[in-house]
Amino acid sequence: MGEKKQGSMASPLQVQQVRQALLRDYAGRIYDEDLKGYDARGREQRFLSRALTAAAVRMVTGCDHEAAGRAVIDGERDQGIDGVAVSESSQDVWLVQAKWSDDGKGKLDTNAVHKLIAGFRLIEQRNFDRFNDRLGDPIAARVNAALGDARLKITLVIAVMGPGLLSDEVTAALEDVCDDFNGALGPVLGYRVVHAADFHKQLRDDLAPEPVNVTARMANWIKRDVPFEAWQGTVAASDIARWHAVHESGLYEENVRNSLGLTRINSGIKTTLLTEPENFWYFNNGITVLCDTIKPTWPGRRRPDEPVDLLLEGMSVVNGAQTVTSIYEAMRQNPESVEDADVTVRVFSLGAERAAYATRITETTNTQNDVSQRDFIALDTTQALIREEFRLSLGKTYVFKRGEPDPSPDAGCSVVHAATALACAYRTPELAVRAKSDTDLLWERGTGGAYPRLFGEAPGAVEIWRTVLVYWAVGAALERQRKRLHGRAADMASRGDLLVTHLVFQLIDREQIDDSSIDWQAVLDQVPDLTASVLSWLIYHVDAEYGKSSFLNKTFGDESRCKLLAQRVLADARRGGTVPVLADDYRPPAKRGRQPRRPNAVPTLVNSGRLANGLPLRFLPKSDAERTAVAGWLAEDPRRGRATWINDRVRCLLWEYDGGAYSASGLVTRIWELAGYDNAPVAVQGPSRWTADGQKTLWDLALEVLEDGGEEEEN
């Protein structure tokens with residue numbers, strides 16, 4: 001007869017999210033003229049209760065916000081019923097009683113349920129005149145019609161912004177009225193509880209995108225039915241482009257990533273489509289699609305050598321987002337070329353098994369070894385020559401194949417180090433900006449690509465190695481500078497590191513960088529001072545040009561901005577003017593006096609011998625939130641909150657519940673996990689939660705040891 005539901009306690013964030021949605025979605029849609037006499041808080045609380053009623057109506061009926069708002073009758077003469085709704089077929093009636101709670105602990109008390117039952121009896125007796133005007137036409141007329149329908153079903157809906165656990169008294173009252181009313185009629189009257197988790201899910205569902213449905217004409221297809229329906233074949237690239245044109249990012253809801261914009265992969269895909277579309281099928285790995293259902297139709301004969309039209313309902317591209325977007329961009333640039341290209345498409349219809357398989361398929365199809373432009377440089381003879389010269393001329397290692405471990409800094413470098421350093425040394429800052437954004441952009445070929453500009457003239461091993469040394473030296477100098485700065489200035493030292501490196505390269509003498517007889521250490525010795533000067537000028541000009549509140553990500557990710565900053569900084573640095581003094585808020589705050597010693601509690605106690613092996617200890621939550629979260633779970637088995645002391649510097653607690661040895665903090669974390677404390681803090685001070693006497697914790701005892709002359713101090 002009844003659906004007695006219990007959800008988990010709503011977190012403060014979830015309550016706030018639901019609260020904001022209720023205020024937003026039902027503003028102007030619920031009667032509130034009678035609330036004007038209340039103060040702001042009183043009015044809001046009552047409005048939230050009415051909005052929760054409307055949300056419950058929408059949940060049980062599937063109606064829209066407008067209809068749900070009209071179903072609310074809460075107020076004077078509501079007779080204990082906050083909302084009344086009738087199905088379109090006029091056979092289902094829902095009577096709602098709602099309780100809002102700011103702390104997510106709302107519940108229905110005995111008094112409220114008796115009022116709800118009394119109101120139900122008035123409606124069942126058609127005493128509509130006992131209610132306020134909001135139960136007038138058309139609601140009363142529809143309720144009256146439903147009461148005369150042989151298929152009638154009435155549901156008492158208890159809507160609470162809380163866990164939804166009904167007390168025994170409330171449950172008994174609901175069960176009694178259902179028994180009294182139903183009799184031989186069968187299950188006409190029942191009840192349902194909707195709680196905080198339901199409302200939060202409703203909010204998430206409201207924000208979820210609409211299902212994407214597309215049609216794919218597939219040729220050369222094969223089909224499998226076990227363990228679920230799957231099709232594979234070729235689809236015209238022009239069809240794929242139309243998918244993106246209509247649905248854009250909605251195609252990739254279950255993908256681990258959306259389109260990445262400008263990347264070396266996208267650039268290669270697009271180039272192949274535009275220059276040799278007939279070979280695209282050979283060079284591309286294809287697209288993987290998940291969907292709820294696949295509905296095939298045959299424009300011709302039902303044979304594998306004839307095309308099939310597949311209606312893919314609830315689809316998502318889980319692998320191949322870059323392929324889809326690149327096809328779309330190429331289609332916009334040259335439709336005729338893309339018309340000649342095909343792409344392999346795999347489609348899985350998971351249906352009810354989607355939850356079980358979707359994550360696995362998405363992860364595995366996105367973690368297979370891929371072949372990227374970085375891999376293709378292994379075929380470039382220039383890289384092989386550089387490696388050989390590194391070994392022969394410098395006695396060092398140079399690695400360029402992905403998967404090879406990088407050598408230690410004194411033993412050599414990788415092609416990534418080399419490319420980044422060469423990008424910073426380039427005459428303009430654009431390549432350094434690209435490297436900061438994504439080093440994968442350094443492998444792009446073709447017009448405007450970085451790779452030909454970095455390695456096209458086959459730089460020698462000496463030049464590359466010295467360039468890398470400067471790059472590393474600037475990085476080390478910046479790290480030292482960053483520690484002397486504060487706030488935004490320190491952030492610039494991190495975010496603008498490659499731009500600073502580029503500027504230092506423009507100021508050093510690189511005329512004979514490839515001459516091994518030149519003492520390069522003399523150049524490296526200049527780097528720290530140049531770095532400090534360049535950084536100060538850069539901080540000054542960033543603030544002068546774009547303001548002290550400008551976004552640094554945007555500034556250091558924008559080639560045009562970095563080009564202007566480079567011009568400004570180099571002009572001042574070369575002129576030899578006075579380096580600007582940084583503002584006070586860019587300097588670290590004055591050091592405070594030495595803080596009192598804090599014990600590394602467990603080693604302190606072990607060293608002192610203060611506690612005897614086997615001393616019984618009890619778990620002592622620190623906060624109300626923690627106490628509430630774990631109390632029920634601990635009460636189910638008293639052993640869960642008990643442990644004994646072991647004189648071990650790490651695993652000092654033997655948990656009575658499972659007999660395992662734990663650190664003090666580790667056992668607290670384990671208790672939180674098993675008790676379902678979802679909002680537990682990230683850091684935990686375990687010794688402060690274990691006590692022998694209910695008063696002093698391990699932490700307190702360790703402090704006493706220190707006060708008595710103990711030696712341990714927390715590092």
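FYI, the numbering just counts along the sequence from 1.
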Has the side chain of Asn127 got a donor or acceptor atom that lies under 3.5 Å from a matching backbone atom of Arg130? no
Write down the atom of Gly164, the atom of Val193, and the distance for their closest heavy-atom approach. O-CG1, 3.6 Å
Could you tell me if the side chain of Arg19 sits less than 4.5 Å from the side chain of Leu48, heavy atoms only? yes
Pick from Tyr677, Phe619, Trp633: which one makes a ring pair (Phe, Tyr, Trp, His ring centres under 6.0 Å) with Trp672? Tyr677
Under 4.0 Å between a Lys/Arg side-chain N and an Asp/Glu carboxylate O for Asp32 and Arg43? yes
Check: Glu248/Tyr328 side-chain N/O donor and acceptor closer than 3.5 Å: no
Under the ring pair (Phe, Tyr, Trp, His ring centres under 6.0 Å) rule, what pairs show up with a residue in residues 14-65, not counting sequence neighbours? Tyr26-His65
Under 4.0 Å between a Lys/Arg side-chain N and an Asp/Glu carboxylate O for Asp92 and Lys153? no
Asp129/Arg77 salt bridge by N-O under 4.0 Å criterion: no
Checking Phe131 now: which residues fulfil ring-ring contact (aromatic ring centres under 6.0 Å, His included) with it, not counting sequence neighbours? none
Could Glu313 and Lys295 be called an ion pair, given the rule that one side-chain N must be under 4.0 Å from one carboxylate O? yes
Are any of the side-chain nitrogens in Arg639 or Asp637 under 4.0 Å away from the carboxylate oxygens of its partner? yes
Cationic N near anionic O, under 4.0 Å, Glu124 to Arg121: no
Residue pair Ser550 / Arg488, side-chain donor-acceptor N/O under 3.5 Å: yes
Any side-chain donor near an acceptor of the partner, Asp168 and Thr171, under 3.5 Å: no
Keeping the roles fixed (side chain from Thr288, backbone from Val318), state whether a donor-acceptor pair exists under 3.5 Å. no
Salt-bridge contact Arg58-Asp206 (side-chain N to carboxylate O under 4.0 Å): yes
cation_pi(Arg642, Trp655) dist<6.0 Å, angle<=45: no
Could you check whether Thr555 and Asn553, counting side-chain N and O atoms only, form a donor-acceptor pair closer than 3.5 Å? no
